[in-house]
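Please read these numbers as outputs of a predicted model, since none were measured by experiment.
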Amino acid sequence: MSQTIPIYGNYHGYYSKRPFVHDPRLALLPPTLFQNARVLDVGCNEGWVTCEIAQSWGAKRVIGVDIDESLVRAAWKRRRTVWSQQSPPTDLNNIDGSPQTSKKRKRESDAGEHDVPRPIQVDYFPASCEHMFGPLPIPPTSESDAGFPHNVVFKATDWVSTEISEDAEGYDVVVAFSVSKWIHLNGGDAGLMQFFRRVHTVVKVGGAFALEPQEWDTYAKAKRMDPKLKENARDLKLRPDDFEKILMDLGFGPAEHLGKAGEGGFRRPVDLYRKIK
């Protein structure tokens, strides 16, 4: 679903206004949160955050969903771009087989250094290479290769009201960055409650919900975009300050207020909720 007016928060070119290599919102979260986790990214837009979680934060599987089909197509392209710019796998470095390389590998083996994986350099190739020569092809999947880019997929769906097949297995982490306001304005208080209930249903006990709530004063500009949003806003009784109590009533623990990230109008809080029942 593509709209000329982004009434769902489905901004095209969103990350040209909020550019980054490492998203500062993710940096606020516990560093092991995504390790070996199944992750759902609601309102993934063009997939920048989704791909970063899959590539750099150790996630086992990441599913990005967005209501806008054209943004999901852009997210698949983003996946290929990110893959094209990362460094080659560790075992392909120094592939010439020279005696010096062999001796170096033996010294590292004797010292146990081969047991310490080297991190992927995500911006190993400049973006200009991809622009000039096109993206690298995605390699075929294999049972032994479950990492990026094979651990991330995107789906176009209104996830608040529609289940997807991946929901059945549940998630260790659900991420909802910069999307709660749009769910609230489009679906009203009932739509927001439905969203929170859906999140609680799919998050495993002990799992987490990472929420970037947009503050109430930002609703004013958004509701002027469309008469429907303006009409819906008149009936809203819930406020972002109510979210913590709502989520605790559903079965999450108290919010971990992790601080704010971003600049200017994009500087917003990030809260983390752990499901306790």
Side-chain angles (χ1 to χ4, degrees), residues 6-11 14-31 33-34 37 39-54 56-57 59 62-68 71 75 159-160 171-187 191-200 202-203 207-223 236 238-248 250 252-275:
I7 64 171
Y8 300 103
N10 50 324
Y11 290 96
Y14 177 77
Y15 289 103
S16 65
K17 300 176 181 178
R18 192 173 191 167
F20 60 83
V21 174
H22 302 289
D23 193 298
R25 296 169 293 183
L26 294 178
L28 290 176
L29 299 171
L33 181 68
F34 299 110
V39 182
L40 176 69
D41 181 13
V42 181
C44 67
N45 197 270
E46 294 174 349
W48 287 50
V49 167
T50 326
C51 285
E52 184 179 346
I53 294 171
S56 302
W57 291 87
V62 189
I63 297 92
V65 294
D66 199 281
I67 199 170
D68 190 320
L71 287 178
W159 185 83
V160 175
Y171 304 99
D172 301 293
V173 185
V174 171
V175 176
F177 283 166
S178 195
V179 72
S180 59
K181 172 176 66 180
W182 303 104
I183 294 172
H184 201 182
L185 282 171
N186 280 278
L192 182 72
M193 289 298 300
Q194 181 179 0
F195 170 56
F196 287 155
R197 283 193 292 268
R198 287 270 288 130
V199 171
H200 178 263
V202 300
V203 172
F209 177 35
L211 175 66
E212 179 194 17
Q214 293 122 303
E215 295 162 331
W216 180 250
D217 59 2
T218 68
Y219 281 57
K221 180 180 178 181
K223 69 184 182 183
L236 299 183
L238 299 177
R239 300 290 185 267
D241 288 344
D242 300 322
F243 292 177
E244 182 171 1
K245 183 180 184 303
I246 292 169
L247 290 165
M248 289 179 65
L250 288 173
F252 288 96
E256 299 173 36
H257 300 292
L258 303 178
K260 292 187 176 183
E263 299 179 358
F266 293 109
R267 185 168 178 78
R268 305 189 190 112
V270 174
D271 299 329
L272 188 67
Y273 295 88
R274 306 275 185 175
K275 182 174 176 177

Just so I know, are the side chains of Leu185 and Leu236 near enough to count as touching, which here means a heavy-atom distance under 4.5 Å? yes
For the CZ atom of Arg197 and the NE2 atom of His200, what is their distance to the nearest 0.5 Å? 11.5 Å
Could you measure the distance from the CG atom of Leu33 to the CG atom of Leu28? Nearest 0.5 Å is fine. 12.0 Å
In terms of heavy-atom contacts, Asp271 and His257 come closest through OD1-ND1, 2.9 Å
What pair of heavy atoms forms the shortest contact from Leu26 to Trp57, and how long is it? O-CH2, 3.6 Å
So which heavy atom on Phe209 is nearest to which on Ala176, and how close? CE1-CB, 3.7 Å
Could you tell me the separation between the CH2 atom of Trp159 and the CG atom of Asp41, rounded to the nearest 0.5 Å? 11.5 Å
Does Ile67 offer a backbone N or O that forms a donor-acceptor pair with the side chain of Asn10 under 3.5 Å? no
With a 4.5 Å heavy-atom cut-off, do Phe34 and Leu29 have their side chains touching? yes
Close side-chain approach of Glu212 and Ser178, heavy atoms under 4.5 Å: yes
First locate atom CZ of Phe252, then atom OH of Tyr273, and finally report the distance between them rounded to the nearest 0.5 Å. 9.5 Å
Which residue is it: Arg267, Arg25, Arg268? I am looking for the one with a side-chain contact (heavy atoms from CB on, under 4.5 Å) to Lys260. Arg267
Does any non-hydrogen side-chain atom of Val42 lie less than 4.5 Å from one of Phe195? yes
Nearest non-hydrogen partners of Gly9 and Asn45, listed with the distance: O-ND2, 4.3 Å
Minimal heavy-atom distance between Asp172 and Ala37, with the atoms involved, is OD2-CA, 3.4 Å
Minimal heavy-atom distance between Ser180 and Leu192, with the atoms involved, is O-CD1, 4.0 Å
Leu247 side, atom CG; Asp242 side, atom CG - distance, nearest 0.5 Å: 11.0 Å
Taking the six-membered ring for Trp and the full ring for Phe, Tyr or His, determine whether the centres of Phe243 and Phe196 are under 6.0 Å apart. yes
Can you tell if the side chain of Asp68 reaches within under 4.5 Å of the side chain of Tyr8, non-hydrogen atoms only? no
What distance do Leu71 atom CG and Cys44 atom SG have between them, rounded to the nearest 0.5 Å? 7.5 Å
Have a look at Tyr219 and tell me which of His184, Lys181, Arg239, Gln214 forms a side-chain hydrogen bond (donor to acceptor under 3.5 Å, both in side chains) with it. His184
